[in-house]
Amino acid sequence: MIAVDNHFGIWTVLLIASAFGMIGERLGWFGKLSGVLVTIIFTAILTTVGFIPSASDATLDIPVYDFVFSFIIPVSIPLLLFNVNISRILNESGRLLGIYLIGAAGVVVGAVIAAYLVPLGGETHKLAGVFIGTYTGGSVNFMAVAATLDFLESPLFPSTIAVDNVFTNIFIMGLFLLPAIQWLKKYYNPYEEDTSSKEVELSEIAEAKGGLMEQITVILTIGGLVCALGFTLGPMIAKAIGTDINLNLLIVTLIIVLLANFFPKHLQPYEALAFDIGMFLMYVFLAVIGAASDLVEMVTSTPAVLIFAAITLIVHLIFSLVGGKILGLSLEEICIASCANAGGASVAAPMAATFKMKKSVTPAILIGMLGYVIGTFLGVGVGLWLQ
């Protein structure tokens, strides 16, 4: 099997996967499937057959993947938020917050059920704790809970890492697909977004604010400045309040939201183009998510760990679907909140953008960041209780 092992080759594969998903969705190649889902599956298959290296293999040093996680994701977030309305955000974050908390409760209940159905001796409470941490927060919480519960040296730790990386990505793929299931979608309210504001065409932007190259330069400069400021203030604020939580993305989000609301006339003309660039960057990131999904590695990991994770996420999804129905939410909103649970802010935001729910991008980030706050406490607390 021919393998791509140079940085430019890997980067080209990511771009091809992104272009395939975006163009295919626009031309209707995939029917009801999202272009994002196709992009993820595309790179997941290439990783599984060994054509490109896995993004989840900690023993590999792949600068391309590091670049995407370190730079692409932070810059894409402000670009998606050039035109946000505070009152709308507060309203929709409230809706997403409710179902997010219900989903978090489902994770806790699911992990407790899994602990009784799949007993693993003295490691059971640790496994429950780390899965609760990662499925209500993220990888940061996973490691924090694992260290607190002395799980890092466990023989199950490598398998748990593999399952967390691969099975979670497969679950997220399913969330992208869920709104396309018509028989299920008909039981939920349709999503309605305020479309009263006039969309700005690219030709109008170029005429009003200079050429397209100037537009791109201004947009990327603003995004870079916002990230630079957020990544400078984040650690300072975290140190001031005595927390180890990474606040960078939350500060980046706060800064761009403040700018968009205090200077709307300056940012709104750039909104359409900025959103398109942000979506392109998100597609590249999601191609890396697919590259982290080695399907063979997941299947060959300890089956008990896989079953444990599956029970946890299935119960979580049941809680989310039932809770969303009771709250009168759309299936898309439920999927975004569930994605914030399982994948965090960096995946929930592009899901909202992919579903054409621009006003839900910021709330998706905010509830994802909330998970970073509560995930460790929930994971450690329930783990110790089960012990």
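These numbers come from the heavy atoms of this one structure, side chains and all, not from hydrogens, waters or symmetry mates.
Within the 4.5 Å cutoff, side-chain heavy atoms of P78 are placed close to those of V252. Counting heavy atoms from C-beta on, the side chains of D66 and I62 never come closer than 4.5 Å. Counting heavy atoms from C-beta outward, L184 and L178 have side chains that approach closer than 4.5 Å. C227 places none of its side-chain heavy atoms less than 4.5 Å from the side chain of F71. Counting heavy atoms from C-beta outward, I41 and M173 have side chains that approach closer than 4.5 Å. Within the 4.5 Å cutoff, the side chain of I77 has no heavy atoms near those of the I256 side chain. Counting heavy atoms from C-beta outward, I132 and V145 have side chains that stay 4.5 Å or more apart. A heavy-atom distance below 4.5 Å is found between the side chains of T168 and Y135.
In terms of heavy atoms, P53 sits closest to I10 at CG-CD1, 3.6 Å. The heavy-atom pair separating F308 from A111 by the smallest distance is CZ-O, 3.8 Å. Smallest separation of non-hydrogen atoms from P190 and S330: C-CB, 4.0 Å. Smallest separation of non-hydrogen atoms from A349 and M282: CB-CE, 4.4 Å. Shortest non-hydrogen contact noted between L175 and F355 is O-CZ, 4.1 Å. Taking each heavy atom of I336 and A364 in turn, the nearest pair found is CG2-CB, 3.7 Å.
Note that the CH2 atom of W11 and the CD1 atom of I52 stand 13.0 Å from one another [nearest 0.5 Å]. The distance from atom CG of L386 to atom CG of L149, rounded to the nearest 0.5 Å, is 10.0 Å. Considering CD1 of I314 and CZ of F171, their distance stands at 9.0 Å, rounded to 0.5 Å. Atom CG of L317 and atom OG1 of T312 lie 12.5 Å apart (nearest 0.5 Å). Rounding to the nearest 0.5 Å places CD1 of I170 at 11.0 Å from CG of L313. The CZ atom of R26 sits 6.5 Å away from atom CD1 of I23, with the distance rounded to the nearest 0.5 Å.
The closest side-chain donor-acceptor pair between S338 and Y100, if any, does not fall under 3.5 angstrom. Between the side chains of T217 and E214, no donor-acceptor pair is found at a separation under 3.5 Å.
In this structure a side-chain-to-backbone donor-acceptor pair under 3.5 Å is missing from T134 to V130. Although no hydrogens or angles enter the test, the distance criterion places no donor-acceptor pair under 3.5 Å between the side chain of H316 and the main chain of G106. Listed for the S70 side chain is no donor-acceptor partner under 3.5 Å among the backbone atoms of F67. No donor-acceptor pair closer than 3.5 Å links the side chain of T124 to the backbone N or O of A115. When atom types are taken as modelled, the side chain of T43 and the backbone of A287 share a donor-acceptor pair closer than 3.5 angstrom. The main-chain N or O of A291 is found under 3.5 Å from a side-chain atom of T47 such that the two form a donor-acceptor pair.
Residues I307 and I318 do not share a hydrophobic cluster, clusters being chains of Ile/Leu/Val/Met/Phe/Trp/Tyr side chains in contact below 4.5 Å. A single hydrophobic cluster is not seen to contain both F51 and F8; linkage of ILVMFWY side chains at heavy-atom distances under 4.5 Å, directly or through other members, places them apart. Using a 4.5 Å cut-off between side-chain heavy atoms of Ile, Leu, Val, Met, Phe, Trp and Tyr, with links allowed through other members, I326 and I99 fall into different hydrophobic clusters. Using a 4.5 Å cut-off between side-chain heavy atoms of Ile, Leu, Val, Met, Phe, Trp and Tyr, with links allowed through other members, F263 and I255 fall into the same hydrophobic cluster. Taking hydrophobic clusters as Ile, Leu, Val, Met, Phe, Trp and Tyr residues chained together by side-chain heavy-atom distances below 4.5 Å, I277 shares a cluster with L15.
Relative orientation of the W183 and Y187 rings is perpendicular, given thresholds of 30° and 60° on the angle between their planes. Below 30°, between 30° and 60°, or above 60°: for F20 and F42 the angle between ring planes is between 30° and 60°, a tilted geometry.
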(request) Please lay out, stage by stage, how L281 and V68 fare under the test side chain to side chain contact (heavy atoms under 4.5 Å, CB included). (result) CA-CA 9 Å; L281 297 178; V68 171; over 6 Å; no
(request) Determine, stepwise, if the pair I72 / V288 fulfils side chain to side chain contact (heavy atoms under 4.5 Å, CB included). (result) CA-CA 11 Å; I72 294 292; V288 176; over 6 Å; no
(request) Carefully, step by step, assess L321 and Y188 under the rule side chain to side chain contact (heavy atoms under 4.5 Å, CB included). (result) CA-CA 9 Å; L321 290 173; Y188 294 88; 3.3 Å; yes
(message) Using side chain to side chain contact (heavy atoms under 4.5 Å, CB included), reason through K185 and E332 one step at a time and then give a plain yes or no.
(response) CA-CA 9 Å; K185 190 172 182 178; E332 290 85 353; 2.9 Å; yes
